[in-house]
There are 2 protein chains.
Amino acid sequence: MKQQQVLIQMTIRAWDGEVAKADQYIFDLPDEKWYSEVSPGRNRAIYLIGHLTASNDSLFEILGVGQRLYPELEAAFIRNPDRSGLDMPDPGIIKTHWFKVHEGLRYSFLTISDEEWFGRHMAMTDEDFAMEPMRNKLNVLMSRTRHLAYHLGQLKLIQ
Amino acid sequence: MKQQQVLIQMTIRAWDGEVAKADQYIFDLPDEKWYSEVSPGRNRAIYLIGHLTASNDSLFEILGVGQRLYPELEAAFIRNPDRSGLDMPDPGIIKTHWFKVHEGLRYSFLTISDEEWFGRHMAMTDEDFAMEPMRNKLNVLMSRTRHLAYHLGQLKLIQ
């Protein structure tokens, strides 16, 4: 296997691993716990799961493989903090959205060629990319994988 | 820049980014907060910072660039949970250890060649590596970077 492919596989495998942990967590979380805080006065599980769903949903556009599925999540889960007073979907709906987003992303990764993974992501210009070739699509996926790990660490505190 | 080098730079840059966030966090944390729990009944900051220090200290050996600096941390921070009754160093000592470990690692990365980053890590055999070339040194660093992000997410909950 070429090193380029090894690298792509490593990165996708890491993503899959964190998503699988989150899948299990979300699947197992009883409905009433969605409204628990990860620590007193801090975000509730529903906000963090909605935040991760909305944040990862934006990957379709950043990676250039499609459009966001649920742009309506952005207001309550990205642009505003928890308890903003904005409506949030029920846990059952967010759960379905979570699985649809990650199933769609997993499928869309198959359409990205090895060369494209090393190409610029859609939120930067060709000029910037020429100066900073690290800021490619693969790097975006790595960064989102860490973002997922960061919030999973918090979600795991709910008992 | 070759794609191989781009990938190595991406991975080291991600590591540096998470370590820099942790440096700042540890530097800013007042001594008395080291004994706060991240959530009621959960790990205390001192345990998580000691755990990350000991865990990252083991990278010298896993990456094949040297020996652990503080093997004595393993009992209280890796092999046992928080409040095991084992002695823990004071926050000031752990802080110094943290900075020494990460300064040493950063320096040792410079001695790893591009080819070596794609070689097997020291905790696996040549035979296993032939079947799973993703399990290289770079992958170990990526995985430790996510581990760091995971616990930083928890540490950030201390107020």
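Below, chains carry the letters A, B, ... as their sequence lines are ordered, and counting in each starts from 1.
The stretch residues 113-144 of chain B places E115(B), F118(B), E132(B), P133(B), M134(B), N136(B), L138(B), N139(B), M142(B) near chain A, each with some heavy atom under 4.5 Å from a heavy atom of that chain. Residue-level contacts of residues 4-23 of chain B with chain A, in order of numbering, are Q4(B), V6(B), L7(B), Q9(B), M10(B), T11(B), R13(B), A14(B), E18(B); threshold 4.5 Å between heavy atoms. Contact residues of residues 47-84 of chain B toward chain A are absent (heavy-atom distance under 4.5 Å).
Only the side chain of R42(B) comes within contact range of chain A, with at least one heavy atom under 4.5 Å from a heavy atom of that chain.
Heavy atoms from other residues, nucleotides or ligands lying under 6.0 Å from CG of D87(B) number 12 at most. By the neighbour-count criterion of 12 heavy atoms within 6.0 Å, atom OH of Y107(B) is sparsely surrounded, having that number or fewer from other residues, nucleotides or ligands.
Side-chain atoms of Q154(A) do not come within 3.5 Å of backbone N or O of H151(B) as any donor-acceptor pair.
Per-residue counts of heavy-atom pairs under 4.5 Å with chain A were compared for H147(B), K156(B), E37(B); the largest is that of K156(B).
No continuous path of hydrophobic side-chain contacts links I93(B) to W98(B) [ILVMFWY only; heavy atoms under 4.5 Å].
The ring-ring contact (aromatic ring centres under 6.0 Å, His included) search around W34(B) returns none, not counting sequence neighbours.
Side-chain contact between R146(B) and Y150(A) is absent, with no heavy atoms from C-beta onward closer than 4.5 Å.
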